[in-house]
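Values below: every heavy atom of this structure, side chains too, minus hydrogens, waters and symmetry copies.
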Amino acid sequence: QVQLVESGGGLVQAGGSLRLSCAASGRTGSMYSMGWFRQAPGKEREFVACINWSGAVTYYSDAVKGRFTASRDNAKNTVYLQMSSLKSEDTAVYYCAFDYSARARTQAGEYEYWGQGTQVAVSS
């Protein structure tokens, strides 16, 4: 079992920044990939970003490319999502996800464990 705890969500004005964190614990092993997804009210969950086991490979959705940055600290078993130039359309519940594969994954169905979600609200 793997447990994921997200933090860092909140209310921010458009153009502002937030950093989300996701701490993994349990039987993570040493090589795993992590993803970030989000779900806005009335919409389906969508891919935001992912990062491979070493942090050397990242992928982003077109909606956030150039504004969001995924990173990780393997010593702390924590991944981060730095969000800048936030827009009202970024408002959503953000989820982190865990997969035992070392490769970065963009599909929600490939992840085995999910966090509880953290709310991000961007006011215009």
Side-chain angles (χ1 to χ4, degrees):
Q1 289 283 341
V2 172
Q3 294 77 43
L4 302 175
V5 178
E6 297 134 339
S7 60
L11 175 64
V12 64
Q13 289 188 332
S17 299
L18 279 176
R19 189 178 80 157
L20 305 183
S21 300
C22 176
S25 62
R27 298 190 173 191
T28 63
S30 60
M31 297 176 68
Y32 58 88
S33 62
M34 295 287 289
W36 289 96
F37 294 79
R38 67 186 182 186
Q39 187 166 20
K43 295 188 177 182
E44 294 185 354
R45 188 172 299 190
E46 65 173 359
F47 167 75
V48 175
C50 61
I51 186 166
N52 79 326
W53 74 275
S54 69
V57 178
T58 54
Y59 297 113
Y60 301 93
S61 69
D62 288 343
V64 308
K65 197 173 297 181
R67 300 187 297 120
F68 291 12
T69 302
S71 62
R72 65 190 296 160
D73 183 340
N74 286 341
K76 297 181 179 179
N77 270 1
T78 300
V79 295
Y80 305 96
L81 185 67
Q82 178 67 47
M83 306 186 295
S84 303
S85 302
L86 283 161
K87 306 174 182 179
S88 57
E89 50 262 47
D90 294 317
T91 295
V93 177
Y94 283 71
Y95 299 89
C96 65
F98 172 100
D99 180 49
Y100 281 110
S101 170
R103 297 172 56 191
R105 306 274 192 184
T106 63
Q107 301 299 312
E110 296 177 301
Y111 287 90
E112 299 187 50
Y113 296 98
W114 292 79
Q116 80 287 356
T118 185
Q119 176 72 54
V120 171
V122 183
S123 63
S124 56

Path from Val120 to Phe47 over hydrophobic side-chain contacts below 4.5 Å: no
Identify the two heavy atoms, one from Cys50 and one from Tyr111, that lie closest to each other, and give their separation to 0.1 Å. CB-OH, 3.5 Å
I need the full list of salt bridge (Lys or Arg N to Asp or Glu O under 4.0 Å) pairs touching residues 40-57, with sequence neighbours left out, sorted by first then second residue. Arg38-Glu46
Plane angle bin for Phe37 and Trp114 - parallel if under 30°, tilted between 30 and 60°, otherwise perpendicular: tilted
Determine all donor-acceptor pairs shorter than 3.5 Å in which one atom belongs to a side chain in residues 13-20; sequence neighbours excluded.
none

Are Phe98 and Val57 linked, directly or through intermediate hydrophobic residues, by side-chain heavy-atom contacts shorter than 4.5 Å (ILVMFWY only)? no
Could you check if a side-chain atom of Ser33 sits within less than 4.5 angstrom of a side-chain atom of Arg103, using non-hydrogen atoms only? no
Correct closest heavy-atom pair for Ala102 and Met31 would be CB-CE, 3.9 Å
Correct closest heavy-atom pair for Val93 and Gly117 would be CG1-CA, 3.8 Å
Any donor-acceptor N/O pair, Tyr60 side chain to Ala70 backbone, under 3.5 Å: yes
Where at least one partner belongs to residues 48-74, residue pairs that pass salt bridge (Lys or Arg N to Asp or Glu O under 4.0 Å), sequence neighbours excluded: Asp62-Lys65, Arg67-Asp90
If two hydrophobic side chains count as joined below 4.5 Å and joins carry through other members, does Val64 share a cluster with Leu86? yes
Measure across Trp53 and Ser30 and return the closest heavy-atom pair with its distance rounded to 0.1 Å. CE3-O, 4.2 Å
Listed pairs under 3.5 Å, donor-acceptor, residues 75-85 side chains, sequence neighbours left out:
from, atom 1, to, atom 2, distance (Å)
Asn77, OD1, Tyr32, OH, 3.1
Thr78, OG1, Lys76, O, 2.9

Between Glu6 and Tyr94, is any pair of side-chain heavy atoms under 4.5 Å apart? no
Is there a path of hydrophobic side-chain contacts, each under 4.5 Å between heavy atoms of I/L/V/M/F/W/Y residues, joining Val12 to Val48? yes
Any idea which heavy atoms bring Cys22 and Met34 closest together, and the distance? SG-CE, 3.6 Å
For Ser54, all residues meeting side-chain hydrogen bond (donor to acceptor under 3.5 Å, both in side chains), sequence neighbours excluded: Asn52
Has Thr91 got a side-chain atom pairing as donor or acceptor with Ser88's backbone, closer than 3.5 angstrom? yes
Please tell me if the side chains of Phe68 and Trp36 come closer than 4.5 Å, counting only heavy atoms from C-beta onward. no
Nearest heavy atoms of Gly55 and Thr58, plus distance in Å: O-CG2, 4.4 Å
How would you list, by chain and number, every residue that makes a side-chain hydrogen bond (donor to acceptor under 3.5 Å, both in side chains) with Glu110, sequence neighbours excluded? Arg105
Going by heavy atoms in the side chains, are Val2 and Tyr100 under 4.5 Å from each other? yes
